[in-house]
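Before anything else, here's the structure in question.
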Amino acid sequence: EKAKKRSNLTIRSGAMVRKISLDANKKATGALYNLMGDDTCQPFEATLASGGEVVLTAGAIASPQILMCSGVGPARHLRQLGIPIVHDNPNVGDNLQ
């Protein structure tokens, strides 16, 4: 509960993250998301303040999915899906059991 009151923390409930925004240096700059219940299907973008960080904690299935939608993952697989490659990492989504 204490952490929720921090001025440098934003918590969005009902948000479906579509991808992490990355700059040319492959550094996270924010997240693109949709709000559940928003009938416009309008994507929203949260941009990090200077020195901010993105913490991706979406579980064993959704975390790799979000990374791949962001262009981070096995290049061959991303190409097949038409996703622009930001970083080829064959370990993303691997070893799911």
Backbone of Asp23 reached by a side-chain donor or acceptor of Thr29 within 3.5 Å: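 Looks like no, no N/O pair under 3.5 Å.
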
In one Ile/Leu/Val/Met/Phe/Trp/Tyr side-chain cluster, 4.5 Å: Val54, Leu9: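 As far as the 4.5 Å side-chain criterion goes, Leu9 and Val54 are not connected within one cluster.
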
Where Pro64 and Gly59 come nearest, the two heavy atoms and their spacing: CD-O, 3.8 Å

His87: side-chain contact (heavy atoms from CB on, under 4.5 Å) partners, not counting sequence neighbours: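 So His87 forms a side-chain contact (heavy atoms from CB on, under 4.5 Å) with Lys26, Val72, Asn89.
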
Check against side chain to side chain contact (heavy atoms under 4.5 Å, CB included), Leu22 and Lys27: CA-CA 5 Å; Leu22 302 164; Lys27 183 176 177 180; over 6 Å; no

Smallest separation among heavy atoms of Arg12 and Tyr33, with atom names: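 Taking Arg12 first and Tyr33 second, the nearest heavy atoms are NE-OH, 2.8 Å.
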
Hphob cluster co-occupancy, Leu78 + Leu32, side-chain heavy atoms under 4.5 angstrom: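 Looking at the clustering, Leu32 is in a separate group from Leu78.
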
Any Leu67 side-chain heavy atom under 4.5 Å of Leu56 side chain: yes

Flag if over 12 foreign heavy atoms under 6.0 Å of CD, Glu53: no

Evaluation steps, side chain to side chain contact (heavy atoms under 4.5 Å, CB included), between Phe44 and Leu35: CA-CA 8 Å; Phe44 297 89; Leu35 288 175; 3.8 Å; yes

Interatomic distance, Ile66 atom CD1 to Met16 atom CE [nearest 0.5 angstrom]: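 Result: 8.5 Å between the selected atoms.
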
Co-membership, hydrophobic cluster, residues Ile11 and Leu48, 4.5 Å side-chain: no

Interatomic spacing from CD1 in Ile20 to OG in Ser63 - rounded to 0.5 Å: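 One gets 9.0 Å once the value is rounded to the nearest 0.5 Å.
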
Shared hydrophobic cluster for Met68 and Ile61 (ILVMFWY, side-chain gaps under 4.5 Å): no

Residue pair Arg18, Cys69: steps toward the side chain to side chain contact (heavy atoms under 4.5 Å, CB included) verdict: CA-CA 7 Å; Arg18 298 299 176 192; Cys69 288; over 6 Å; no

Between NE2 on residue His77 and CD on residue Gln80, distance to nearest 0.5 Å: 7.0 Å

